[in-house]
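Data first, discussion second: the structure below is written as structure tokens.
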Amino acid sequence: MFALEINDLAKTYSNGTHALKGISLHVAKGDFFALLGPNGAGKSTTLGIVSSLVNKTSGAVKVMGFDLDRERVKAKMKLGVVPQEFNFNQFEKVFDIVVTQAGYYGIPAPVAKQRAESYLKKLGLWEKRDTPARMLSGGMKRRLMIARALIHEPDVLILDEPTAGVDIELRRSMWVFLQEINQQGITIILTTHYLEEAEALCRNIAIIDQGDILVNCPMRELLNQM
Ligand code: ADP
Ligand code: ADP
């Protein structure tokens, strides 16, 4: 069984843009996987479909064996999502944002609070727990979204450009955190346009361009070709 299985996935937006032209991708459980490609290649569309934010035109997606069409609720329970845009309530406090999310998954409040504390500490946000989110720096907001995405202890974490606009020092500390949770068994799938990031973190990659997968191989093989 794969953590993520995408078969013949196509997306045509209502304005006629063919964002995905029938891609297939299989990501093994426990993998650290990067989807690379230039702007407009179809990376966000792919992750958007996997996280149920964008409707597909055709094809099939399974998360931990659960089909997104037939078993959407189960698939969503297995998945944590860190989208590119900041989509939390900017006026809510950091701690409350993470705990509120737990409510959507039916996690009891004491458990939610314990987990929120643990993730906020690991991500260096504990001192900011009573701060309204709008007061945070961009890098802190990104880490807040990671804490929130982990609250239901998903098997698969997907992140769309997690370190865009984050300075190099903080980027490295986020890498360390992602490596730690990957070592604990969470499958990580991210998009990035920093090749350096994929090189530092990822075991396997796919390169997407104009809605097609051009390359799908171990990171090591890609580096050997360069
Ligand atoms: P869907 O086919 O998933 O319903 P739509 O085609 O209706 O999506 O577009 C969703 C939203 O994204 C619309 O508000 C649209 O204006 C906006 N949008 C249109 N073109 C682009 C683009 N190139 N990049 C990002 N967003 C866009
Ligand atoms: P990437 O994440 O690799 O930059 P996207 O998945 O955002 O690529 O975009 C793939 C293609 O789909 C681009 O041509 C983009 O302009 C188009 N696109 C993305 N979102 C929308 C939308 N909501 N409506 C119409 N076109 C879109």
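Read the numbers this way: they start at 1 and go in the same order the structure lists the ligands and their atoms. Sequence positions, counted from 1, serve as the residue numbers for this chain.
- Contact atoms of ligand 2 toward Ala19: 10 (C), 11 (C), 12 (O) (distance under 4.0 Å to a heavy atom of the residue).
- Counting heavy atoms under 4.0 Å from ligand 2, residue Thr45 touches it through both backbone and side chain.
- A cation-pi arrangement is found for Arg171 relative to Tyr194, the charged atom lying closer than 6.0 Å to the ring centre and inside a 45° cone about the ring normal.
- There is a side-chain donor-acceptor pair under 3.5 Å between Asp160 and Thr191.
- Shortest non-hydrogen contact noted between Leu79 and Pro154 is C-CB, 3.6 Å.
- Contact check on Asp155 versus Lys78 returns a salt bridge, with a Lys/Arg side-chain nitrogen under 4.0 Å from an Asp/Glu carboxylate oxygen.
- Listed by number with element, the atoms of ligand 2 under 4.0 Å from a non-hydrogen atom of Ser44 are 1 (P), 2 (O), 6 (O), 7 (O).
- Remark: distances from the non-hydrogen atoms of Gly37 to ligand 2 are all 4.0 Å or more.
- Heavy-atom contacts of Pro38 reach the following atoms of ligand 2: 3 (O) (cutoff under 4.0 Å).
- With sequence neighbours left out, the salt bridge (Lys or Arg N to Asp or Glu O under 4.0 Å) criterion links Lys121 to Glu117.
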